[in-house]
Every structure is written in C-alpha cells, then in structure tokens.
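What follows is one structure encoded as structure tokens, with my remarks underneath.
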Amino acid sequence: MTKPLIVLGVTGGIAAYKSAELIRRLKEQDFEVQVIATAAALKFVGDSTFSALSGNPVISDLWDKPHDVEHVNIAKKASAIIVAPATADFLAHLVYGFANDALLATLLVAKCPVVLAPAMHTEMWENPATKENIATLRRRGYLIIDPATGALTGPDSGVGRLPDPSEIADVVKQVVNRKSNNLPKDLVGLNVLISAGGTREKIDPVRFIGNGSSGKQGRALAQSAIARGAKVTLVGANLNVNVPAGAEFVSADNANLMKEEMILRAPNADVVIMNAAVADYYVENPQTNKIKKGQDKINISLTKTIDILSELTKNKRVNQYFVGFAAETVKNQTELIELSRLKLASKNCDLIVGNPVGHDLGIGQDLNSAVLVSKNLTEIVPEVDKLTLADAIWDFVAKDLAKV
Ligand code: CTP
C-alpha cells in the first residue's frame, strides 16, 4: 500500500530549521513527505537537507520541470498540506490568491485539508493585517496552529514561535485520519440548532460573571453538521472563534438572551444541541454605575437562571432529538458516566456528552475527551481534537436518527 503523501511547504522564516525535524516526525507517522520550499526558505536551510530527510527532491521553482506541471500533480496526490513555518508575507499572498511560486500555485490547486503553522515576531503576529489574514484563512477552512510563546530570533521573546514539530505532526495525522474528509451526507434536510460559547452575567457596566468557554466545540459541531448536509443555526455567547461558513449566526451573550433565542428557534429544529456553558446564576439587578472600591467586602446576590435545556425538552416533538452536555469535574470515567446518566434523565435528553472539565481540561482547550451516554448506549471518545469529537457525536446522533 502506498503511504499518504504530505506536502510540507516551507517559507522564509528562521523557524525553517525546525521543518527539517518536522520531516522526521512526519515520516515516523508513516507519511511520504514532499517538500516545497520558497526561495527565501532555501536561504535559511539548504535543499540537500530537505531532500535527504524526505527522500524526495525539493520543489522550489515552477520552471524546473514545466512539462511535469508539478503544482497540479502534487496538489492532487497530497492527503494534506502543512505549511510550517508560514510567514506573514506568505499568509498575505495566500489570502489574495497569488500563485507566483511553486507553493502558492500548489495551494491554489489543492482540494485536500491544509494546515498552516504561522511563525513570526510577536509584533507581526499581532499586526491587524496579519490578524485579518488569519481570520480570513480560518473562515475559508484552513486549519491554523497558533504559534507558541517563547524566545524569538533576537534577544526578545513572546508569542510567534513555531510549535514543537512533534505537535505539528500530530495535528497533521489527525487531519489525515479525520473521517470528515469523507463524511456521509446523513444530515441532509435536517435543521440543526446549536448553542455555543459561554454566557456572561453583568455585575455592573464593566464587570461580569463568566466562564472560559471559547466556543470551539460548538463551532466544530456546526462545521461537522454542515459538512454532513445539515442546515445549521449557531446561537453563540461570547465566541472566541469564527462562525463556520454556511451557518446562520445569532448572538446571545447572557443566559436570558440565550434562553429567548433558543426557545424561539427550537420548535423548527430537528436536532438541538445545548453545548453552551450557561451561567447557573445571574445578578438580578446589576449596578448601573461601576462599583467603587470602597468597602473591604461586598456581597453580590445571585439568582438561579432557568435551565434552558430542561425548558426546551418540555415541548419536545416526536422525532425531535436533544443533545446536552455535562461539564463535570470528576475523579474517573465511571463517575463521569454516572453523572451524565443523571443529566440524561433529569433534562429529558436523547444524548448527553459527558465532558471532564477543570485542571486544563475541556473548556477553552483545543482537545477534548468525552463519554456519549444515551438510554441504551455508552460510547467513550478518548482525547481528540474538537472536530474529531464533533464527528463522533454526529456519528452517534445519525445512527440514532436512522433507527427512528
Ligand atoms: N444548561 C442549560 N441552562 C442552564 C444551565 C445549563 O441549558 N441554565 C445546559 C448546558 O448547556 C448543558 C447542560 O445543561 O447542555 C448541562 O450543563 P452543566 O453545566 O453540565 O450542568 P448544570 O445543569 O448547570 O448542573 P450542575 O452545574 O449542577 O452540574
């Protein structure tokens, strides 16, 4: 059997030296590696290093073998493309669809998943132009591995470093293995309503009670459902991520707004997923002026919010499917399954996704593990990226829906 081909694009940043090690890590994952390097990348690392490690001649100039039309051939053969490091200049070119070197031309042809690992100085990464370019690329479906923090090229340090090559290789492996590259169209014709993110309850005009939810899992659920053919509405509270292309977005930043928007939309949905981290308590009368730092202690009185999910399932239609999450700080999986089972019954859901949280788990992170608990079935999903977990949740739901 031939090995999956990974195209490793290397652009002209100092971190290009780490690309040599990335070739090693990719080969350890049993991939064939083809390096496409820009002229600037080859000023940092010689092409003999790349070709010796990959076992393939480096492509760097479209004019070397014009008869082979290499950019088209390689783009079609690749299982995934990873650009590491991706410079600010390269990202800008990609946004505008330039094709003036072998790497950009290949990317413009490619239909496979593309992962970008930007690396640059902090100021360049934080520049509004780069930020907008990154947001545009994310919206178009490129997977971005955020740069790490640490020592940069000069004496300075900050965010902008290329992450460890083994971490990048792991992401590439997940992307290639992800079934969703070839997802079944089993949600065609279904309206899906997903809540995501974390609500914020006002204390005064500048302060709130909130949580660390980023919206990544909800976004992934929306993305996966769209790929499977569903019509998706995403009701989001304070999302740190972009809304996936193809989803209708409704903003609902606090528990009360979220309740209203979900109650309004749930009757038209075939599947409802309450993924948002909703506040359990809110401040009934937030102060209209900023609270002054006077007294040594102040008390804030909190009132219980309405449980949106339980409210929605009271009016559950025949064939309507409800998914809840159970965010739990637990000692072990058995406890997580037990607590999920309790929420399955108390909230009258068809499926509960039990999610271990706290101690750097779940909320706000890129990876997630879960137990999927329905009336008759329990499935365990080990730690995976949030898109892979979303695929597993939809696999579960689609199977259940097919039984009806
Ligand atoms: N949920 C909701 N409305 C709320 C609170 C939670 O709809 N006011 C939903 C969440 O979106 C999730 C499920 O209920 O799908 C479980 O949320 P979780 O925070 O795990 O549990 P709680 O119901 O808040 O109970 P507890 O915090 O006591 O575990």
Side-chain angles (χ1 to χ4, degrees), residues 192-202 208-222 225 233-239 250-267 269 271-284 302-316 320-331 333 335-359 361-365 368-374 381 386 389-390 393-394 396-397:
V192 166
L193 177 64
I194 301 168
S195 73
T199 63
R200 290 179 182 174
E201 310 307 319
K202 266 200 155 98
F208 56 81
I209 298 173
N211 58 70
S213 174
S214 58
K216 286 179 190 164
Q217 189 60 68
R219 179 192 197 275
L221 282 162
T233 305
L234 189 66
V235 178
N238 309 297
L239 302 187
V250 180
S251 172
D253 287 348
N254 62 45
N256 189 45
L257 278 176
M258 178 153 286
K259 180 195 73 190
E260 285 176 8
E261 297 295 356
M262 292 301 284
I263 287 178
L264 189 68
R265 287 171 172 78
V271 181
V272 178
I273 303 191
M274 258 324 277
N275 168 245
V278 185
D280 289 336
Y281 294 90
Y282 74 109
V283 185
E284 219 171 327
L302 300 176
T303 310
K304 206 168 173 181
T305 57
I306 289 187
D307 191 299
I308 304 170
L309 185 54
S310 304
E311 204 59 24
L312 297 177
T313 56
K314 276 186 201 159
N315 298 313
K316 185 170 166 177
Q320 220 180 3
Y321 196 97
F322 280 87
V323 182
F325 273 68
E328 310 287 357
T329 42
V330 283
K331 286 191 287 301
Q333 211 165 58
E335 195 187 350
L336 182 61
I337 294 172
E338 270 167 27
L339 292 172
S340 301
R341 211 161 272 297
L342 288 176
K343 279 187 182 157
L344 183 76
S346 69
K347 294 182 190 246
N348 190 23
C349 288
D350 299 281
L351 168 64
I352 285 283
V353 180
N355 217 193
V357 293
H359 322 296
L361 288 173
I363 290 182
Q365 307 292 314
N368 214 354
S369 69
V371 294
L372 311 187
V373 178
S374 71
V381 186
K386 289 188 168 173
L389 175 58
I393 294 169
W394 283 118
F396 195 103
V397 175

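The structure presented is a predicted model; accordingly, all values stated were derived computationally and were not measured. Just so it is clear, the values below take in all heavy atoms, side chains as well, and ignore hydrogens, waters and symmetry mates. Remember, it's 1-based here, ligands and their atoms both numbered in the order they're listed.
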With a cut-off of 6.0 Å (strictly less than), are more than 12 heavy atoms of other residues, nucleotides or ligands near NZ of Lys316? yes
Output all residues satisfying salt bridge (Lys or Arg N to Asp or Glu O under 4.0 Å) with Lys347, sequence neighbours left out; order by chain, then residue number. Asp307
With Glu311, which residues qualify under salt bridge (Lys or Arg N to Asp or Glu O under 4.0 Å), at least two apart? Lys314
The residue among Val272, Val192, Leu351 that forms side-chain contact (heavy atoms from CB on, under 4.5 Å) with Val323 is Leu351
Identify the protein atoms, limited to N or O, that lie within less than 3.5 Å of an N or O atom of ligand 1, and list each pair with its distance to 0.1 Å.
residue	atom	partner	partner atom	Å
ligand 1	3 (N)	Ile308	N	3.0
ligand 1	7 (O)	Ile308	N	3.3
ligand 1	7 (O)	Leu309	N	2.8
ligand 1	8 (N)	Thr305	OG1	3.2
ligand 1	8 (N)	Ile306	O	3.0
ligand 1	11 (O)	Met274	O	3.4
ligand 1	11 (O)	Ala276	O	2.8
ligand 1	14 (O)	Lys347	NZ	2.9
ligand 1	15 (O)	Met274	O	2.7
ligand 1	15 (O)	Phe325	N	2.9
ligand 1	15 (O)	Phe325	O	3.4
ligand 1	20 (O)	Ala327	N	2.8
ligand 1	20 (O)	Lys343	NZ	2.8
ligand 1	21 (O)	Lys343	NZ	2.9
ligand 1	23 (O)	Lys347	NZ	2.5
ligand 1	24 (O)	Asp280	OD1	2.9
ligand 1	24 (O)	Asp280	OD2	3.1
ligand 1	27 (O)	Asp280	OD2	3.2
ligand 1	29 (O)	Lys343	NZ	2.7

Could you list the residues that satisfy salt bridge (Lys or Arg N to Asp or Glu O under 4.0 Å) with Glu335, not counting sequence neighbours? Lys331
Hydrogens and angles aside, do Ser340 and Glu338 bring a side-chain donor and acceptor to less than 3.5 Å of each other? no
